[in-house]
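Encoded as structure tokens, the structure appears first; notes follow it.
Letters A, B, ... mirror the listed sequences (proteins, then strands); counts begin at 1.
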Amino acid sequence: MPPSFRAPRGTRDLLPDEHAAFARLERIARELASRYGYHEMQTPIFEQAAVFERGIGAATDVVEKELFRVTPSRGEEREAWALRPEATAGICRAYVEHGMQTWPQPVRVTVTGPMFRYDRPQAGRYRQFWQWDVEAIGDPGPAVDAEIVELGARFYRDAGLADVELLLNSIGDPACRPAYLADLVAHYRANEAHLPELERRRLETNPLRLLDSKDPVMAEVNAGAPLITDRLCPACAAHFAAVRAHLDAMGVAYRLEPGLVRGLDYYTRTAFEFYRRGAEGQQQALGGGGRYDGLIQLLGGKPTPGIGFALGLDRVVLALASAGASRPANAAPVAVVVGADPGDTQGRLRIATELRGAGLPVRADLAVRKLGRQLEAAVREGAQFAVILGDELAAGEVQLRDLDGGSQKSVPLADLPALLRRKVRG
RNA sequence: GUGGCCUUAGCUCAAUCGGUAGAGCAUCGGAUUGUGGCUCCGAAGGUUGCGGGUUCAAGCCCCGUAGGCCACCCCA
């Protein structure tokens, strides 16, 4: 007996039924992107690890513990590579590498594909997961901020998720964040005696995170904490106000969430996340994004502003299922070619091939089984018609049977393609 | 990475006190020779996740391990 294999931990097979749900979302995303003027591109699944370390931030969890590192076992390359944990860093690397600053700005691009993070799997949290990523690079905003947020919100609506809530915040920039951070740390230091062990450690590594702590004892301490939105410098405050005004003008609903911070270092100013209403427990965001005005420079380019978001396709599929949405089905053939003579697979395949050559989605029953079984399979597959081969074939005719209604008529083989073409659903 | 629950056929699940595994669905075949979703009959499908241990005997008890799920953490 060979050993039994299984998909690596945290990965899964998208079998045809489930893949149909993903394909539908990708179709919606692709159509929206093109309607909004974002062009599809692809970056490598792996990059120099430094692209993520420099771009995302070496001290973030995503890089520190969740990066999937790749080491070639042979060859001259001594490069340290890593599977991409998100798309933005790679896109910005490509922006710099290919001199996209010479293109008309902003450069509007989108990437869809698998991302990788080495953390402990859970429902909706995989080591390989799919994202739809949208970026506008080279526009300081604020109008483009609102445009891209609205695009994200529209995706969920078009996908069929009505109860998605948009959380919005501004996290300042290098002009105002350091002073705010100092104030924040000072506030927590003053209350250090009340802080749980975990939060005390986070105070050293990532003080912003304390703000959205789930620990109930933190509620009181957080109530008195300074808010970033009260400490924004004039430029950031004006930017944030303008983003909100643009959203209001488009009628996009959002909730201001001063505790919203994003996990990656590169974010500045606008930050937003999408959650299912009632599931905002900071767990399982459906998507999120923000402005990253310092990232391009970090990756070796000239100072260039940018903004984008990423959506978790896996999580949207999950949310759709739990909302009771019906799954899209994979396409059924218009017709299945069956035959009275079980052994005549040549005849069935030949006719099916002719029909396929005429552009029709047709399956031939290639199993050696009696006609009844062939028809049964065709019906269960959802085919509209059965093309039945019998003795009439000698006269150049076949039986065309309507599998929904049950009516059947003899038609000349030559007329079949035109006849079926008129019957193709949709 | 921490804690907890779970794992029996492709899927959903049974199996009394520990006595060497069964059903439904799905698959394939048959029900007098060229006609379907129903029905009936039959077949195939398992080292009970994997590895040890206890026992005359383990799906069941014990240990380890892998995977899934839940909470934390983190994020999409």
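A salt bridge between A:R125 and A:D314 is absent, with no side-chain N of the basic residue lying under 4.0 Å from a carboxylate O of the acidic one. Of the charged side-chain nitrogens involved, at least one lies within less than 4.0 Å of a carboxylate oxygen, so that A:R12 and A:E18 count as a salt-bridged pair. Salt-bridge formation is not detected for the pair A:E135/A:R108: no Lys NZ or Arg NE/NH1/NH2 atom is positioned less than 4.0 Å from an Asp or Glu carboxylate oxygen.
Atom CZ in A:R120 sits about 10 Å away from atom C1' in B:C72, given to the nearest Å. Computed from coordinates, the A:R401 CZ to B:G37 P distance equals 11 Å when rounded to whole Å. Whole-Å rounding puts the A:L403 CG to B:G37 C1' distance at 10 Å. Between the CG atom of A:L311 and the C1' atom of B:A76 there is a distance of 8 Å, rounded to whole Å. Between the CZ atom of A:F155 and the P atom of B:A76 there is a distance of 16 Å, rounded to whole Å. We find that CD of A:E376 is positioned 12 Å from C1' of B:G30, with the value rounded to whole Å. Here the P atom of nucleotide B:C74 and the CG atom of A:L286 are 19 Å apart, to the nearest Å. For the pair A:L320 CG and B:A76 P, the computed distance is 20 Å after rounding to whole Å.
Base pairing analysis places B:C25 opposite B:G10; the two distances defining the Watson-Crick or G-U wobble pair are each below 3.5 Å. Nucleotide B:C61 is matched to B:G53 when pairs are restricted to Watson-Crick or G-U wobble geometry with both distances under 3.5 angstrom. Using N1 to N3 plus N6-O4 or O6-N4 for Watson-Crick, or N1-O2 and O6-N3 for G-U wobble, each under 3.5 Å, B:A31 pairs with B:U39. Pairing partner, B:G18: none, since no Watson-Crick or wobble contact has both distances short of 3.5 Å. B:A71 is paired with B:U2 under the criterion used here, namely a Watson-Crick or G-U wobble arrangement in which both key atom distances are under 3.5 Å.
For the P atoms, the distance from B:G30 to B:U35 is 13 Å, rounded to whole Å. When the P atom is compared between B:G51 and B:G1, the two are found 24 Å apart, to the nearest whole Å. Spacing of P atoms, B:A76 relative to B:U39, comes out at 50 Å, to the nearest Å. B:C50 and B:A58 have their C1' atoms separated by 16 Å, with the value rounded to a whole Å. B:C11 sits 15 Å from B:C69 when the P atoms are compared, rounded to a whole Å. Here, B:C6 and B:C60 have their C1' atoms 15 Å apart, quoted to the whole Å. With both ends at atom C1', the span from B:U54 to B:G18 equals 12 Å, rounded to whole Å. Comparing the same atom, P, in B:U7 and in B:G59 gives a spacing of 15 Å after rounding to whole Å.
Screening residues 36-56 of chain A for salt bridge (charged side-chain N to carboxylate O under 4.0 Å, His left out) gives A:R30-A:E40, A:E47-A:R93, A:E53-A:R69 as the qualifying pairs, with residues at least two apart or on separate chains.
Close to B:G67, at under 4.0 Å from its OP1 or OP2, lies a side-chain N or O of A:R9.
Ring planes of A:F46 and A:W81: tilted class, angle from 30 to 60°. Ring orientation note: the planes of A:Y156 and A:F274 are tilted relative to one another, at an angle of 30° to 60°.
Across all strands, A:G10 comes closer than 4.0 Å only to sugar-phosphate atoms, never to a base (heavy-atom distances). Residue contacts for A:F274: at a heavy-atom cut-off of 4.0 Å it reaches no nucleic acid atom on any strand shown.
Positionally, the nearest nucleotide of RNA chain B for A:G372 lies more toward the 5' end than for the other of A:R6 and A:G372. A residue-by-residue look at A:R369 and A:S407 shows that A:R369 has its nearest nucleotide of RNA chain B further toward the 5' end.
Defined by atom type and a distance below 3.5 Å, a donor-acceptor pair is missing between the side-chain atoms of A:E150 and A:Y254.
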With the criterion being N/O to N/O and under 3.5 Å, what pairs connect the protein with nucleotides 31-34 of chain B, and how long is each?
unit_1	atom_1	unit_2	atom_2	d
B:A31	OP2	A:K370	NZ	3.2
B:G34	N7	A:D391	OD2	3.4
B:G34	O6	A:D391	N	2.8
B:G34	O6	A:D391	OD2	2.8
B:G34	N1	A:E392	OE1	3.2
B:G34	N1	A:E392	OE2	3.0
B:G34	N2	A:E392	OE2	3.3

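Between the A:R291 side chain and the A:G308 main chain, no donor and acceptor come within less than 3.5 Å of each other.
Between the base of B:G36 and the side chain of A:R380 there is no donor-acceptor pair shorter than 3.5 Å.
A ring-centre distance under 6.0 Å is not found for A:Y292 and A:Y267.
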